Amino acid sequence: MASNSTKSFLADAGYGEQELDANSALMELDKGLRSGKLGEQCEAVVRFPRLFQKYPFPILINSAFLKLADVFRVGNNFLRLCVLKVTQQSEKHLEKILNVDEFVKRIFSVIHSNDPVARAITLRMLGSLASIIPERKNAHHSIRQSLDSHDNVEVEAAVFAAANFSAQSKDFAVGICNKISEMIQGLATPVDLKLKLIPILQHMHHDAILASSARQLLQQLVTSYPSTKMVIVSLHTFTLLAASSLVDTPKQIQLLLQYLKNDPRKAVKRLAIQDLKLLANKTPHTWSKDNIQALCECALQTPYDSLKLGMLSVLSTLSGTIAIKHYFSTAPGNVGSSPRSSDLVKLAQECCYHNNRGIAVHGVRVLTNITVSCHEKDLLALEQDAVFGLESLLVLCSQDGSPGAQATLKIALNCMVNLAKGRPHLSQSVVETLLTQLHSAQDAHRILMCHCLAAIAMQLPVLGDGMLGDLMELYKVIGRSATDKQQELLVSLATVIFVASQKALSAEVKAVIKQQLESVSNGWTVYRIARQASRMGNHDMARELYQSLLTQVASEHFYFWLNSLKEFSHAEQCLAGLQEENYSSALSCIADSLKFYHKGIASLTAASTPLNPLSFQCEFVKLRIDLLQAFSQLICTCNSLKTSPPPAIATTIAMTLGNDLQRCGRISNQMKQSMEEFRSLASRYGDLYQASFDADSATLRNVELQQQSCLLISHAIEALILDPESASFQEYGSTGAAHADSEYERRMMSVYNHVLEEVESLNRKYTPVSYMHTACLCNAIIALLKVPLSFQRYFFQKLQSTSIKLALSPSPRNPAEPIAVQNNQQLALKVEGVVQHGSKPGLFRKIQSVCLNVSSTLQSKSGQDYKIPIDNMTNEMEQKVEPHNDYFSTQFLLNFAILGTHNITVESSVKDANGIVWKTGPRTTIFVKSLEDPYSQQIRLQQQQAQQPLQQQQRNAYTRF
């Protein structure tokens with residue numbers, strides 16, 4: 001739903017109309033704020049966050065917050081509380097307030113109230129605004145003053161505000177540190193207030209001196225106040241301070257281990273474990289071998305399962321990081337501990353078969369990570385322990401339907417995938433165990449096991465054939481109920497079957513799947529299975545399933561979508577009949593495929609809506625159509641060597657023109673055109689890649705493989721025919737197929753390597769152009785097309801949604817109207833933007849910075865032509881801005897010296913955390929009319945008037961003659 005609302009918002013007509021909508025919405029809420037009824041006022045206040053979300057630009061947000069500040073100033077405490085909640089919910093929009101001084105002035109006036117509750121709400125309001133007013137001295141003074149108040153509500157609010165300001169302002173943190181220290185150590189301060197004051201010290205990390213003084217104070221507190229609550233709060237604050245200041249992390253790990261070992265209280269031990277887990281996640285590289293050893297000894301000695309579980313969870317986190325290599329590394333002059341004899345391994349082996357599931361799974365995870373990360377030869381015993389531990393855990397969890405068992409099973413299955421990846425020779429036994437348990441496990445657990453089998457089979461396709469028999473047996477007897485879990489299991493099992501069968505489904509497998517789907521499945525399950533078939537390249541199966549769904553949808557858009565998928569599957573199925581050396585048959589197969597693709601693209605266009613334009617899908621299919629046409633054209637060109645060989649005088653023509661290629665006849669020009677066409681297609685695939693910011697990595701890799709296919713054929717044409725002398729094979733060297741993540745990628749890489757070897761051998765043996773060369777090109781095309789195309793996830797499903805919305809000022813009321821500017825002045829164009837996300841922001845990649853490109857072109861001239869410097873004729877500028885809280889703003893100075901109408905285009909692209917630029921758009925256009933300034937116009941008119949009598953005299957002189 002979130003993505004739908006985002007899309008509808010993006011599909012609005014234009015910024016001018018949206019601004020009118022925003023103004024009317026704000027006026028509606030303002031009417032509620034002015035109402036005499038308290039309920040209507042409160043309702044208007046709480047609707048502001050939705051307004052901010054829909055219209056997130058400063059001009060509206062500034063006006064709205066000023067109205068809220070007025071309500072805060074004159075309203076009662078309940079209204080103030082509502083305004084406070086709205087401010088806290090809209091924290092990311094606070095920096096868009098333009099009149100910060102006026103806003104704070106209205107809020108701050110309430111701090112002088114006689115009502116302590118009003119003062120407390122004001123303090124909390126100021127604390128919530130700390131990010132935009134970190135250095136306001138009057139706010140600092142009010143917080144310090146309120147800490148001495150006799151009203152508990154006000155003091156708690158002052159503590160909240162002090163914590164927020166300490167996090168933002170170094171000056172405030174330095175000034176308040178001594179005050180807090182005195183209050184904590186003062187005898188008059190109640191214990192519950194001390195417990196609330198201590199966490200403020202976690203923000204004292206602005207410089208080393210401040211962090212050191214806060215650490216000393218916490219050290220004193222831990223020693224001076226040994227009560228459980230004080231120790232827990234002080235230690236946790238200690239940990240957060242160390243994690244922020246970084247320099248004291250090793251000392252903090254030692255301190256926590258000391259309390260874990262020596263303090264008898266279970267609550268303190270639990271807190272120490274929790275903080276150790278935090279540090280293990282944040283700074284695993286700071287853990288020394290002694291730290292891990294001390295934690296292992298504590299875990300071996302403790303009689304309490306709950307504590308052992310916590311310590312093992314810390315160790316299992318560390319075992320997946322660099323810390324495990326530190327633990328087993330050999331220091332100079334010392335003998336490194338053997339993995340088999342260490343306390344860590346001893347502990348993991350002891351816990352593998354523990355009756356507590358959580359302890360057992362963490363023990364197995366530690367063993368698995370050690371086995372995968374330590375590359376020693378004598379790890380056979382450890383490998384066996386890891387496999388046996390995983391098998392026993394699988395048996396234990398598969399019969400237990402509790403949520404805890406499911407979480408444990410997920411971790412165990414992840415370990416199985418990692419083990420199969422890191423130690424391939426163990427994968428056979430892991431797969432056999434999974435297949436055995438699949439028959440007896442519960443449905444929820446079967447689904448997870450199927451995902452695990454699919455992941456292993458994708459990495460090690462050689463295991464696929466062995467799975468298929470068991471999977472088909474299970475598919476036949478899967479059950480006859482239509483519950484959600486059964487439907488999910490049908491999809492998961494079908495996916496594993498598609499992965500295991502790899503190249504093509506047998507008729508028996510298809511019959512079993514279809515029979516089962518007819519008996520128990522609903523339409524959505526059939527669609528999901530068809531989608532997986534398209535992804536795995538089983539297009540014949542997918543076509544039949546899409547065909548069966550056409551009459552089961554309620555919307556014509558869905559009908560056209562399913563029909564387009566059916567046509568695409570049929571088109572790809574036509575290419576399955578390609579045979580090497582049979583070029584006429586290849587041409588007819590490609591022609592049939594193109595016929596169905598053209599039908600499909602017509603349906604796909606009909607399926608698109610303004611809210612869901614299907615732009616990636618349409619562009620991907622258009623490129624596929626153009627690629628097939630280019631392949632067909634190239635095969636025809638190769639055949640033309642037989643049908644239209646070079647004329648007898650071709651050699652003479654070549655010698656006359658000094659172009660050796662002309663001796664091959666017309667084929668040389670045709671080949672040159674083909675090469676250019678394939679390079680153009682590669683460029684278009686590159687553009688599609690750059691425009692797909694929200695795509696998953698598998699989809700992007702698929703687009704990249706299509707681009708490489710185009711580059712491969714263009715390189716082969718150049719190397720075989722056009723320029724065999726200068727062709728280089730270094731940059732196209734064999735890239736290992738071992739790194740491929742899917743069977744489709746493996747097969748494509750294999751074809752690339754084979755084609756390159758063939759081209760290289762022919763390039764050395766024969767001079768162009770012979771039938772050997774044309775046959776090599778045709779065979780390369782057939783080999784590429786014989787690999788079934790994979791339609792990846794992004795073609796069907798968009799998991800991440802990111803869009804940018806731009807607002808330009810000055811902006812005309814009517815988009816068609818130009819903005820007037822004098823030609824001797826520069827236009828200050830302000831570009832503001834908001835990054836909008838779907839339900840899963842940053843799932844695949846995040847925006848690091850936004851690149852804004854502004855260019856202007858002259859549409860039409862007005863007036864006389866003047867000699868203008870070339871620099872003044874065009875505007876071409878680019879700026880990079882980093883969004884903060886999904887908002888960015890920048891300005892451009894543009895020069896319009898030439899009179900006339902200019903077209904300004906603002907285009908945005910984004911750069912992710914890896915420095916890759918993505919052309920996400922949008923592209924916004926406004927018009928500017930450059931007018932002559934009045935002074936220049938006056939001088940020009942005076943000059944024209946002065947010239948008129950002179951011209952009149954000349955005309956009179958001519959008439960006499």
Side-chain angles (χ1 to χ4, degrees), residues 386-388 390-391 393-395 397-398 409-410 412-479 485-486 488-517 525 528-538 540-542 698 737-738 740-747 788 790:
V387 172
F388 293 153
L390 285 168
E391 288 176 359
L393 207 54
L394 196 61
V395 173
C397 292
S398 60
L409 185 64
K410 279 184 182 177
L413 293 174
N414 273 332
C415 290
M416 284 184 165
V417 174
N418 290 337
L419 197 63
K421 188 176 181 180
R423 303 278 175 174
H425 60 278
L426 301 174
S427 54
Q428 185 66 46
S429 59
V430 169
V431 168
E432 285 172 4
T433 308
L434 281 167
L435 289 172
T436 306
Q437 285 305 311
L438 260 179
H439 290 278
S440 57
Q442 297 189 1
D443 284 344
H445 298 155
R446 282 174 169 179
I447 294 165
L448 296 173
M449 290 181 196
C450 286
H451 293 167
C452 179
L453 279 170
I456 293 173
M458 291 281 270
Q459 290 172 1
L460 303 161
V462 72
L463 297 172
D465 292 336
M467 297 183 196
L468 207 51
D470 287 307
L471 292 171
M472 293 312 302
E473 288 298 319
L474 184 62
Y475 209 83
K476 288 176 187 174
V477 296
I478 198 168
K485 290 294 178 190
Q486 286 273 321
E488 183 77 27
L489 183 55
L490 279 170
V491 176
S492 302
L493 259 179
T495 304
V496 183
I497 290 169
F498 292 148
V499 174
S501 46
Q502 298 295 349
K503 298 197 175 170
L505 292 175
S506 65
E508 181 191 352
V509 172
K510 283 197 285 187
V512 169
I513 291 177
K514 280 195 286 188
Q515 181 185 354
Q516 190 71 351
L517 290 180
T525 304
R528 290 176 66 193
I529 291 174
R531 199 168 65 180
Q532 292 292 355
S534 293
R535 186 178 159 208
M536 298 300 167
N538 295 306
D540 52 344
M541 179 82 192
D741 292 327
S742 65
E743 177 64 12
Y744 175 71
E745 186 176 350
R746 267 188 286 271
R747 291 175 69 179
S790 170

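Remember, predicted model here, so these are calculated numbers, not experimental data.
- Between the CG atom in Leu419 and the NE2 atom in His425 there is a gap of 8.0 Å [rounded to 0.5 Å].
- By the salt bridge (charged side-chain N to carboxylate O under 4.0 Å, His left out) test, Glu488 pairs with Arg528, sequence neighbours left out.
- Side-chain atoms of Leu435 and Leu453, non-hydrogen and from C-beta on, do get closer than 4.5 Å to each other.
- For Asn418, there are no side chain to side chain contact (heavy atoms under 4.5 Å, CB included) partners, not counting sequence neighbours.
- Annotation for Ala420 and Leu460: closest pair O-CD1, 3.7 Å, computed over non-hydrogen atoms.
- With sequence neighbours excluded, the residues that form a side chain to side chain contact (heavy atoms under 4.5 Å, CB included) with Ala542 are Ala533, Ser534, Tyr546, Ser569.
- Side-chain atoms of Ser501 and Val509, non-hydrogen and from C-beta on, never get closer than 4.5 Å to each other.
- The two residues Ala454 and Val499 have their closest heavy-atom pair at O-CG1, 4.0 Å.
- Side-chain contact check for Asn538 versus Lys510: every heavy-atom pair is 4.5 Å or farther apart.
- Shown here for Glu391 and Ser429, the closest heavy-atom pair between the two residues is OE2-O, 4.2 Å.
- The two residues Leu390 and Ala412 come nearest to each other via the heavy atoms CD2-O, 3.4 Å.
- Among all heavy-atom pairs drawn from Leu490 and Tyr475, the shortest one is O-OH, 3.5 Å.
- Interatomic distance, CD1 of Ile456 versus CE of Met467, reported as 6.5 Å (0.5 Å rounding).
- The structure places OG1 of Thr433 at 10.0 Å from CD of Gln428, a figure rounded to the nearest 0.5 Å.
- Taken to the nearest 0.5 Å, the CG atom of Leu474 stands 8.5 Å off from the CD1 atom of Ile497.
- To the nearest 0.5 Å, atoms CG (Leu448) and CG (Leu413) are separated by 6.0 Å.
- In plain terms, the two heavy atoms of Met536 and Phe498 that are nearest each other are CG-CB, 3.7 Å.
- Partners of Gln442 under the side chain to side chain contact (heavy atoms under 4.5 Å, CB included) rule, at least two apart in sequence or in another chain, are His445.
- In this structure, Arg747 and Pro788 have side chains that are in contact, with non-hydrogen atoms separated by less than 4.5 Å.
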Next on the checklist: For Leu438 and Leu471: C-alpha separation, side-chain torsions, deciding distance, then whether side-chain contact (heavy atoms from CB on, under 4.5 Å) applies.
Outcome noted: CA-CA 9 Å; Leu438 260 179; Leu471 292 171; 4.2 Å; yes
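- Put simply, CD1 on Ile529 and OG1 on Thr495 are 7.5 Å apart, with the number rounded to the nearest 0.5 Å.
- Under the salt bridge (charged side-chain N to carboxylate O under 4.0 Å, His left out) criterion, the residue pairs touching residues 445-456 are Asp443-Arg446, with sequence neighbours excluded.
- Residues satisfying the side chain to side chain contact (heavy atoms under 4.5 Å, CB included) criterion with Ser398, sequence neighbours excluded, are Gln437, Ala441, Met449.
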